[in-house]
Protein chains: 2
Amino acid sequence: MSKYKTIDSEQLVDIFKALANSHRLKIFNILTSCCTPGASCASDEVFSCCVGDLDSQLDIAASTLSHHLKELHRAGLIHMQRDGKQVYCSVNTDVMKQLENIFSSQLVGAQL
Amino acid sequence: MSKYKTIDSEQLVDIFKALANSHRLKIFNILTSCCTPGASCASDEVFSCCVGDLDSQLDIAASTLSHHLKELHRAGLIHMQRDGKQVYCSVNTDVMKQLENIFSSQLVGAQL
DNA sequence: TTTATACTTCGACATATTTCGAATTATAGT
DNA sequence: ACTATAATTCGAAATATGTCGAAGTATAAA
């Protein structure tokens, strides 16, 4: 009934699962406040988005961060793209739009 | 900066945690498709919102359902109110509005 | 080709979550 | 007071998640 591409309820659970952890939510915050997917952050800006920069803001082991990024990526919330030695992360704005739609229309899972 | 009462990041994690389970998400779906908090569902409608009615739609033990409802309630996503032998559940639309705002403004945790 | 940097994978362990059935509490009707 | 119905709490077991450090892979630079 909706004109929007819907997220099925299984994927929605995965998305909420991905956001249901303080470290991952913080990562997501950093990415939403900084990087839009087209424009990869220049290195002279205050915040940038490669894994190492996230690492410096998070106080967890690099391996743990890697695990969390994998979860966010699996859920479809972020993009990850290698550029040389670095891997750059950015928010998947398509999914953001769909989430907005889900909550604004009060149809958290009307497709069920 | 926002004119909206903000949800802090700890509460936001709890909200996502509450929605990060297929049974709880289904419960939340049922409640959003049916009951608005002012209008408690009349018993002659197709869907109603007492715990027993949710139970009949869910294929889990009553004790498990009770646990899930407690989680949704703890997160602030639903109201629960006893009326005689039944306990009626409804969505907390205030929180829904705040979630909508969070996603629509792309500020998942800008208050951090 | 050796070394350094950036990041990921693996294995192990601790903690948290999900689930059930049995027992318990709350309310209403007999 | 007793019984029935609706829902919750408790304790135990199975599964999932979060975390780390060590080892591994990918890329670039010397």
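Reminder, nothing fancy here: chain letters follow the sequence lines and each chain counts from 1.
Atom CG in B/D55 sits roughly 10 Å away from atom P in D/dT8 (whole-Å rounding). Distance A/H73 NE2 to C/dC7 C1': 15 Å, rounded to the nearest Å. Going from atom CD of B/Q81 over to atom P of D/dA6 covers 19 Å, rounded to whole Å. B/L72 has its CG atom 12 Å from the P atom of D/dT8, to the nearest Å. Spacing between atom CG of B/L25 and atom C1' of C/dT18 amounts to 16 Å, rounded to whole angstrom units. Here D/dT27 presents its P atom at 15 Å from OH of A/Y88, a figure rounded to the nearest Å. For A/F16 and D/dT17, the CZ to P distance is 16 Å, given to the nearest whole Å. Distance CG (A/L58) to P (D/dG18): 14 Å, rounded to an integer number of Å.
Checked for salt-bridge contact, A/R74 and A/E71 meet the test: a charged N lies under 4.0 Å from a carboxylate O.
For CD of A/Q11, the number of neighbouring non-hydrogen atoms (other residues, nucleotides, ligands) closer than 6.0 Å is greater than 12.
The distance from atom CD1 of B/I27 to atom CG of B/N21, rounded to the nearest 0.5 Å, is 8.0 Å. Going from atom CD1 of B/I15 over to atom CG of B/L77 covers 5.5 Å, rounded to the nearest 0.5 Å.
Taking 4.5 Å as the limit, some side-chain heavy atom of A/L31 sits within range of a side-chain heavy atom of A/V91. You'll find the side chain of B/Q81 stays beyond 4.5 Å of the side chain of B/V87, heavy atoms only.
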Spell out protein contact along nucleotides 21-30 of chain C as letters: B when the base is contacted, S when just the sugar-phosphate is, - when no protein heavy atom is under 4.0 Å; keep the 5' to 3' order.
-> BB----BS--
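The side chain of B/S66 has D/dT8 as its nearest neighbour among D/dT8, C/dT19, D/dT19. Taking every side-chain heavy atom of A/H67 into account, D/dG18 is the closest of C/dT19, D/dA7, D/dG18. Checked against C/dC7, D/dT19, D/dA7, the side chain of B/Q86 finds its nearest nucleotide in D/dA7.
Taking only side-chain nitrogens and oxygens, B/K17 comes nearer than 4.0 Å to OP1 or OP2 of C/dT17. Between A/R24 and D/dG18 there is a side-chain polar atom (N or O) within less than 4.0 angstrom of OP1 or OP2. Considering only side-chain N and O atoms, B/N21 lies under 4.0 angstrom from the phosphate OP1 or OP2 of C/dT18. At the phosphate of C/dT19, OP1 or OP2 sits under 4.0 Å from a side-chain N or O atom of B/H68.
Residue-level contact check: A/I60 touches the backbone only, with heavy atoms under 4.0 Å from sugar-phosphate atoms and none from bases. Nucleic acid contact for A/H23: sugar-phosphate only, since backbone atoms but no base atoms lie under 4.0 Å from a heavy atom of the residue.
Two residues, A/A20 and B/M80, neighbour DNA chain D, and the one matched to the more 5' nucleotide by heavy-atom proximity is B/M80.
Ring planes of B/H68 and B/H23: tilted class, angle from 30 to 60°.
Side-chain atoms of A/R24 do not come within 3.5 Å of backbone N or O of A/L65 as any donor-acceptor pair.
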